[in-house]
Amino acid sequence: MKKLLGVIVTLFLLVGLSACSSDSKSSSTGGVKDEKTDKGLEEFGETIKYNPNKLVNNGDPIQIEYWTWNDTDPVIKMAKEYEKIYPNVKIKIVKHPWDDIWTKLPLALKGKNGPAMFGIHNSQHDILIPYLAPYDISASDLEADFTSVEPHIIDGKVYYTDLVINTGNIYYNKKLWAEAGLTEADIPKTWDQFREVAKKLTKFKDGKLVQAGFNYNGGGGYDAIWQGMNYQQGELMFKDNGKTVNYDNEVTKKTTKFLVDLYEVDKVGSKDFGDDSTMSFGNGQTAMVYKWGWMKGELATKYPDIEYGVFPTPTPTEEIPFAYDRYNGESTPGINKNQSKEQQAVAQDFLKYLLANDQYSKEAAFTYASFPTKKSLANDEEILSDPLLKILAPRIERLIWPGPFPATIETTSKQVIENILYNGQDMNTAIKDGQEKMESDMKDASFTSLENKYQFFNEAN
């Protein structure tokens, strides 16, 4: 790993030398030897190798566009480094808000003038896949360097894959933790232990809840946590055909009862304690929440004064479960099959530069608070020095991906918990109604679960 990082550092240093050269051929085309130093740029990468000692687009000027919704997209920084190696290439970054890009991008991709490359979110798989060109990198080479590739192989080809993956964890307020007399030794490993810790973190004043020990109100609460808790108990999200959701079952009822009892029996939180657990945590009113990696950025941006810690989501027992939780990935870029041969060739070369370069995966890991799928970074000291990535590392292989399932699974389950807590609906009836609503919403969906790709799939109930 040290050798590989050294290669990357050397690469960037040599790029600087090349840029300063007065040799007209070197300064205009890139990817060739610097006449003055007589040193070429070094090849780097594991199985996927990248050799910068070549011409891109025959050295002729070319501009490609890259569309993204994310100001901190690591591709943006890497594009600048690529342009240093190949001054004849310009990568124009075009940003669209999340609410706009999934309308504008498919329309642009239908024609001949759409972006050569673009960011992908796997929730948009169905609308993007018709326009994607397969990678020029073989599936076997990708699998050699990255985990989580296999679920993304379509007829032997890969159109995008997971760059980094994330899952849910428990964020806790360190100040409130200390005030309750808790130490790191009290970090719960099981849900029963979690329940007792939540009680200690709960405060009332004049009979009114003023500090929630645990809060799952709003989006990213029950609608996300039930999935992981079911997986921990060996219950799949989809039935045997991979198309029918598996929500109305005894495990969901057990999971839901546990979460409802935290509010109605243990009183560690309340349906009336605001409708946004993220804001409540950020304002110091809630001691613990279940959130994914995006929470790190949310806290840094909106609540920078909160001192918080993160620990792995508890499990039913201290034994290794079927799966710790569901995961989802931040995806590698897509390439537009309707763009010109020249534009696609540059996009494919830039893509290989990204995937061979450890720094790209690192940038993504720290930006998205997600663990890199690149195998060469599994034990990287810098990665494991990050508190959140460190706790993800031991759990990575026991996280399951069901695929980019339809949004109704989360939106409907959010409605289910609201019907139980706010509308007084019987739990069994609410879950049954939720199952029927999900099935109705998915009747025309082309989705098929990828749970059977999980390496421990045979351990499911």
Between [X] and [Y], is the ring centroid distance below 6.0 Å?
X    : Y    : value
F371 : Y327 : no
Y172 : F311 : yes
W102 : H121 : no

Salt bridge or not for [X] and [Y], using N-O below 4.0 Å?
X    : Y    : result
K374 : D380 : no
E410 : K414 : no
K80  : E83  : no

Going by atom types only, do S361 and D358 share a side-chain donor-acceptor pair under 3.5 Å?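 No, because no side-chain N or O of S361 sits under 3.5 Å from a partner of the opposite role on D358.
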Looking at [X], I want to see if its [atom1] is surrounded by more than 12 non-hydrogen atoms of other residues, nucleotides or ligands under 6.0 Å.
X    : atom1 : result
I320 : CD1   : no
N461 : CG    : yes
K77  : NZ    : no
Q455 : CD    : yes

Any non-hydrogen side-chain atom of I417 less than 4.5 Å from a side-chain atom of T256? yes
Check each of Y159, Y135, F146, Y160 against H152 using the ring pair (Phe, Tyr, Trp, His ring centres under 6.0 Å) test, and report the only one that passes.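 That would be Y160; it is the only one of Y159, Y135, F146, Y160 passing the ring pair (Phe, Tyr, Trp, His ring centres under 6.0 Å) with H152.
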Salt bridge (charged side-chain N to carboxylate O under 4.0 Å, His left out) evaluation trace for D71 with K95: CA-CA 7 Å; D71 288 335; K95 299 174 187 174; 3.6 Å; yes
Roughly how far apart are Y131 OH and Q339 CD, rounded to 0.5 Å?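 These two atoms lie 14.5 Å from each other.
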E439: what forms a salt bridge (Lys or Arg N to Asp or Glu O under 4.0 Å) with it, not counting sequence neighbours?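 For E439, no residue satisfies salt bridge (Lys or Arg N to Asp or Glu O under 4.0 Å) once neighbours in sequence are set aside.
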Check the angle between the aromatic planes of Y308 and Y171 and answer parallel, tilted or perpendicular using the 30° and 60° thresholds.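 Tilted: the ring planes of Y308 and Y171 meet at 30° to 60°.
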Do R398's NZ or CZ and the ring of F456 fall within the cation-pi criteria of under 6.0 Å and 45°?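 Geometry flag: set, cation within 6.0 Å and 45°.
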